[in-house]
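The structure under discussion appears below in the form of structure tokens.
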Amino acid sequence: MKTIILAIGNSLRRDDGAAHRVLELLESQSGVFTRSLLQLAPEQSEEIAPARIVVFVDADIEPGPPRIERLPRGDPPPRSPLAHSLRPAEVVALARSLFHFTGQAYVCRVPGADFSEGEGLSGTASRNAIRAAELLRDLLYTPESR
Amino acid sequence: MSVRTLEIDGKAVTGVAGQSIFSVAWDNGIHIPRLCHVGGVSDVGACRLCMVEVEGQRKLVAACMTPVEEGMVIRTNTEQLLAHRRLIVELLFAERNHICAVCVVNGACELQDLAASLGIDHVRLRYRFPTLSVDTSHERFGLDHNRCVLCSRCIRVCDEVEGAHTWDFSGRGVNSLLISDLGEAWGESESCTSCGKCVQVCPTGALFAKGKMVSEMRKDRRFLKYIVTAREKHEWVR
Amino acid sequence: MAERIIINPVTRIEGHAKISIYLDDSGRVDSAQFHVVEFRGFEKFCQGRPFHEMPGLMSRICGICPVSHILASAKAGDHLLGVQVPPAAEKQRRLVNYAQLLQSHALSFFHLSAPDLLLGFDSPVEKRNVFGLAEKHPETARRGIRLRQFGQRIVELLGGKKIHPAWATPGGVLSAVSTDTRDEILACVPEAIDTLQKALSTMKSIMDTFHDEIEHIGNFPSLFLGTVSREGELEYYNGLIRIVDGEGNIVADGLDPLRYHTFLGEASEEWSFMKFPYYKPLGYPGGMYRVGPLARLNVARWAGTSLADRELREFKQRIRESVCQSFHYHMARLIEMLHAVERIEEIASDAELLDTHVCARAGQNRNEGIGSCEAPRGTLFHHYTVDDHGLIQKANLLIATAQNNLAINKAVEQTARRFVAGNTMTEGMLNRVEAAIRCYDPCLSCSTHAIGQMPLVVELKSSTGDVLSRIERG
Amino acid sequence: MTFEDLLEQQAKEIARQQGLRERIYCCTAAGCVSSGADAIKKAIDEEIKARGVGAEVECCGTGCMGLCSKGPLVRTQSDGTIYAAVTPEDAGALVAGQGANLLADRKLDPQADFFIKQEKIVLANSGTVDPERLSDYIAAGGYQALARAVMELTPQQVIEEVKRSGLRGRGGAGYSTGLKWELVAKQPVDTKYVVCNADEGDPGAFMDRSILEGDPHRVLEGMAIAGYAVGAQQGYIYVRGEYGLAIQRLQAAIKQAERERLLGSRIFEDNFQFRIDLRIGAGAFVCGEETALIASIEGKRGQPRQRPPYPPESGLWGKPTLLNNVETFGNIAPIVAKGGDWFATIGTPTSKGTKVFALAGKIENTGLIEVPMGTSLRTIVFEIGGGIPEGRAFKAAQTGGPSGGCIPPQFLDIPVDYESLHKIGSIMGSGGLIVMDDTSCMVDVARFFMDFCMDESCGKCIPCRAGTVQMHDILQRITKGEANENDVALLEQLAKLLRETSLCGLGQTAPNPVMSTLNYFSGEYEAHIRDHRCPAGHCVLPAAASSNREVQA
């Protein structure tokens, strides 16, 4: 019965690394495993397979409040044919069909404002990371009721 | 040696006359943040990170420069002090081009540690992106002005311990720049003995051993104590 | 009235590119362009930095093949120092380079291309992807993932971090390999070989069904450039450049990669920020050449390992008269992976790998350093000019995807000619255009250093710029 | 020289001057020199020569007469009239004693507020003695205070006198001068120093310069008395290199005083000895800070150091050092001569004596004035200063330079003293007083002073070095209409940081102009930020609408 949180993004692209900040803000808790990644690859489908809950935390270029969405079941929509990284829905779909993943999958979006080269988050991303961490606490550290 | 009894963060502690608040706190496991202080050379009180509150005193005092007094009541980590420290570190990050991800001391940098321990997740100030050079003219060492925080540790260790006084500052204010001799390239310096002490005491990756890559360099923080102890007590112990 | 189709793919950290297909007045394809529309920033970023930092910096260029950039960069550093790296260091570098090849090719083959190949180009788009593959061929999909993991694991074991291994440095590498690491690597070899042999046999069994695609997707004469050993074997780390023509004849041989600028030119086009490298003696654009898996198999006489040699012989017989077909990049990747696993086993079994002398010591002895190696997508060159104190004055990176740039353009154009008709776009047509590009598995992150998440946009435009139809994908 | 010699010289010089038909004082301070005073002095001298009246008419250059905006100024001794805007062509009339008739239109009314509302102690000799002649100073009673101190008083008595006077440091901080002297005197160390801070650096301030140029011996005498009182034998004057004339006159004055044994060894035949040397500053504002100034005299980089220890305990070369500014030393001789009690009758209960101000900005009578402490700002600006030109409205008065604040109209009636100014967010400072009218943008004023502090920060401590840069950046963006409310919040946080954590006074007080304008003129900040409008019409801002740029995806 475990929870896996995967943070995705490149911290050399400022707010693209917002997800990593969210992980730092979360207290470690037994049964919750976290991992920071530059991008998602097929092998993550095997990693998440044993989890009951998996959350993908990622920066979002769309403005707005941070939010957590449940990933719908079913096949993910078609995608760019040249990409080398996978999207959360694709990792989950692979995990379901190849590695018997039966848990719940969520995406936590952390909107950013500045994706230029460099380090450090913008104020927007930083605030959103704090809020996102709170949302994740509500989701993960209270009994599943939603 | 007369003893002074005082209170730091609610803890009763003792120090000897002449000892700094910083040092007494450190002896008692209270680690006040600092950047310009390094044990073994004189203090200058330049970074202002170790500012603490002393009850009954109107102004904050720099712990490294203030001797303990009998009955002092000191607080080292109030909200206000933490806010000040955070802003000071933010000022440093915005002042020059610190990109940890490509820095030789990434993971072993005092500035980075400070940011982490103070919970700095972003810089509210505008980055200045100054155009600064790297001096790799020295055979063994390099100086990257982009990462220099102007703490003057190198200047002091070179002057006081090695006795060469190769380093100093030129310019003033935000245009201050660490220079060797009279502004010659480090490799051309006649006074530099290539002892490397400056490199070891540098809190960031500004002074580095050449040939190191990202995250590869680790600085020897204990050598200075070794030298000073050897000098003062004639004991050669690590 | 001429029309234009634009394909606009951007993903997480990979570059931003679009494809324009110009239609003439009669609605037939006139020409095609593969644009890269982001500005290069990385070469500028390096200026003024000490060259010792370059491998670390370069590993940040690309999340896909950081190892290749680290190696080329470290080798350019070796050159600046004027040293030979210790044997153990060279073995480590080779080992990781093979591992990198393995993980990159595994992703390309099993996750990007296999759905087309195993499910068919005309199967419904919502099923013709890695999930459809997982549904229909779960064992293949699982094995593909495990194969990739094997490569990643080696990079992680030696490089420390999966994403940005900064273990190689001018003069060698940072640390020695332990016996535990070696044993772990060796234990994974049999399954990897089995996976690859199964995939090869499947691939061979279905090859004939792609007659149309083989014939019309990127099938045109061009030069092929790759690195070979002195004996003419497949070589990825340290060899000489050989160039063959579309019929397999050697055009140039024994070229020193350190002198790449004497035989390779770099043209530019205003519609793309990506360079257009060409073989100088034949001029631009006549000197178009291809690099990567197919090019390497075309220039090499032997693989140099037993299982791969058997496959290579069979492959060469099969493609005897069709060396130019881009479609065979897929098969070439499988053969290269098999070869890589054999080499990994070979190196890991060599006691010298464990030697603890892993870095040569020297000061800077030159002002210009060039490093090259074979990256998964083709030959990679790093060329640094430094001042007397080792600070980078100029960095020139010649990247595989850029070297295939002309060929990708050509392939897109040719594919479009065959499959595009009328001024609306069909799925099948779009699939083939994409497939033409996918043969080269282009990775734009190091070509362009851009970021963003933009949908794949396909636009059909008239000569006056009117958009006739538009398709967007994720 | 003995005391008797001194009195004899005084009598002789007074008699000589009284024997003249006319003594023409030509202001040769920097302000009048810049409007052509040198040519006038030369024309008068030539006129005297041409008419052959050298025995009965004398012309001498003097220090500042105060009303710089009306210069060049010339005063005739015979009737005490001051003439404004004098030209070389007027030389004939002046030498002939026809000034009252021929230059009647340029005669300044001696009953004007500018003159009668002032009270001159420090500037008493300025404009009435020739600063290049020791005998002029002696004729005015010079060096008699030193003689009294050395011959009649013990050092402790001198200190008591100074303490009783209630004199406070005129450099800006207002620390009790007597207590400071006592602190130095108490140190059980043989070698001590007296240092005069003449590194006047505030923009628009020229009080110290005028004193040094107009009455250099006054400063030397004050320092010598201090040396006697605290037990020092060596003094230094740290004067900024830009003050060429002051340096020249000080050098001449030191030489004259040494020749007459008023400085050097065995002063007034006593065992007291005291030397004074000049040290020329290289133009760093921070060297006005005492520890930086000391470092600079020692030949080091002019950077402040942590206090304590304060200079009275450990100053120059680690020795007890008395450091006062020019105007403070300028008050000493009168105090010792007339007694501390006399001095204490002038001014307010907590701020005794007078204060010299340099009036500048949008004010009719720009120039140098000296008023009793406690004079209201209104009196200074509207009576002595003659009000705002062109009938414009008074908007603010800036005191204390880059360390001070802007005082809005509602405080025009407060008495100008240390406590009152501090209470309303400004400081006395060294005496710069810049008046602003309704065309001055207060945000831009704050930006101007922050620009100054940023340039002058020494760079040693982070809050000042990097903080001034960031504060300046925010202020600049406000004036350009590129800032938002968050920036103002950040500005306030930075101000607090600098005030509470900077190493020296430069950084600690650098936020003052910002804070006082934010306090009293917050509407101007809001107008810039919210409406992209500069109420004073000074800043050029883009229209509010154009800032809503489309963000490209």
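Numbers restart at 1 for each chain; the letters A, B, ... are given by sequence-line order, proteins then strands.
Between B:Cys47 and D:Pro463, the shortest heavy-atom distance links the atoms O-CD, 4.3 Å.
Side-chain atoms of B:Arg126 never come within 3.5 Å of backbone atoms of D:Asp473 as a donor-acceptor pair (strictly under, hydrogens ignored). At distances below 3.5 Å, not a single donor-acceptor pair connects side-chain atoms of D:Glu500 with backbone N or O atoms of B:Leu60.
Around the NE2 atom of B:His31, the shell of radius 6.0 Å holds more than 12 heavy atoms that belong to other residues, nucleotides or ligands. The environment of CD in B:Glu190 is sparse: at most 12 heavy-atom neighbours from other residues, nucleotides or ligands sit within 6.0 Å.
Between the CZ atom of B:Arg48 and the OG atom of D:Ser502 there is a distance of 7.5 Å, given to the nearest 0.5 Å. D:Ile462 CD1 to B:Cys36 SG: the interatomic distance, rounded to the nearest 0.5 Å, is 7.5 Å. For the atom pair SG of D:Cys461 and CD1 of B:Ile88, the computed distance is 8.5 Å after rounding to the nearest 0.5 Å. For the atom pair CZ (B:Phe169) and NZ (D:Lys460), the distance works out to 10.0 Å, reported to the nearest 0.5 Å. Remark: B:Arg86 CZ to D:Leu497 CG distance equals 12.5 Å, nearest 0.5 Å.
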Return all side-chain donor-acceptor pairs below 3.5 angstrom for residues 90-101 of chain B, not counting sequence neighbours, or 'none' if the list is empty.
unit_1: B:Glu90; atom_1: OE1; unit_2: B:Arg124; atom_2: N; d: 2.8
unit_1: B:Glu90; atom_1: OE1; unit_2: B:Arg124; atom_2: NE; d: 3.2
unit_1: B:Glu90; atom_1: OE2; unit_2: B:Arg124; atom_2: NE; d: 3.1
unit_1: B:Glu90; atom_1: OE2; unit_2: B:Arg124; atom_2: NH2; d: 2.7
unit_1: B:Glu95; atom_1: OE1; unit_2: D:Arg465; atom_2: NH2; d: 3.0
unit_1: B:Glu95; atom_1: OE2; unit_2: D:Arg465; atom_2: NE; d: 2.7
unit_1: B:Arg96; atom_1: NH1; unit_2: B:His145; atom_2: O; d: 3.0
unit_1: B:Arg96; atom_1: NH2; unit_2: B:Ser176; atom_2: O; d: 2.7
unit_1: B:Asn97; atom_1: ND2; unit_2: B:Pro130; atom_2: O; d: 2.8
unit_1: B:Asn97; atom_1: ND2; unit_2: B:Asn146; atom_2: OD1; d: 2.7

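Residues forming a side chain to side chain donor-acceptor pair (under 3.5 Å) with D:Ser403 (at least two apart in sequence, or on another chain): D:Thr509.
Annotation: maximal heavy-atom pairing with chain B below 4.5 Å, among D:Glu456, D:Met454, D:Arg305, occurs at D:Glu456.
Looking only at side-chain heavy atoms (C-beta outward), D:Leu494 and B:Leu125 come within less than 4.5 Å of each other. Between D:Lys496 and B:Gln80 the shortest side-chain heavy-atom distance falls below 4.5 Å. Inter-residue side-chain proximity for B:Val174 and D:Ser457 is flagged as unmet; no heavy-atom pair is nearer than 4.5 Å. Taking the side chain as every heavy atom from C-beta outward, D:Gln306 and B:Val44 never approach each other to under 4.5 Å.
For D:Leu490, the part lying near chain B is the side chain, with the backbone staying farther off; criterion is any non-hydrogen pair under 4.5 Å. For D:Arg301, the part lying under 4.5 angstrom from a heavy atom of chain B is the side chain only. In this structure, no portion of D:Ile474 lies under 4.5 Å from any heavy atom of chain B. Heavy atoms closer than 4.5 Å to chain B are found in the side chain of D:Gln508, but not in its backbone. Heavy-atom distances place no part of B:Asn175 under 4.5 Å from chain D, backbone and side chain included. Neither the backbone nor the side chain of D:Thr468 comes within contact range of chain B; no heavy atom of the residue lies under 4.5 Å from a heavy atom of that chain. Heavy atoms of D:Asp455 lying under 4.5 Å from chain B belong exclusively to its backbone. Looking at D:Arg499, there are no atoms closer than 4.5 Å to chain B (heavy atoms on both sides), in backbone or side chain. Heavy atoms of B:Val149 lying under 4.5 Å from chain D belong exclusively to its backbone.
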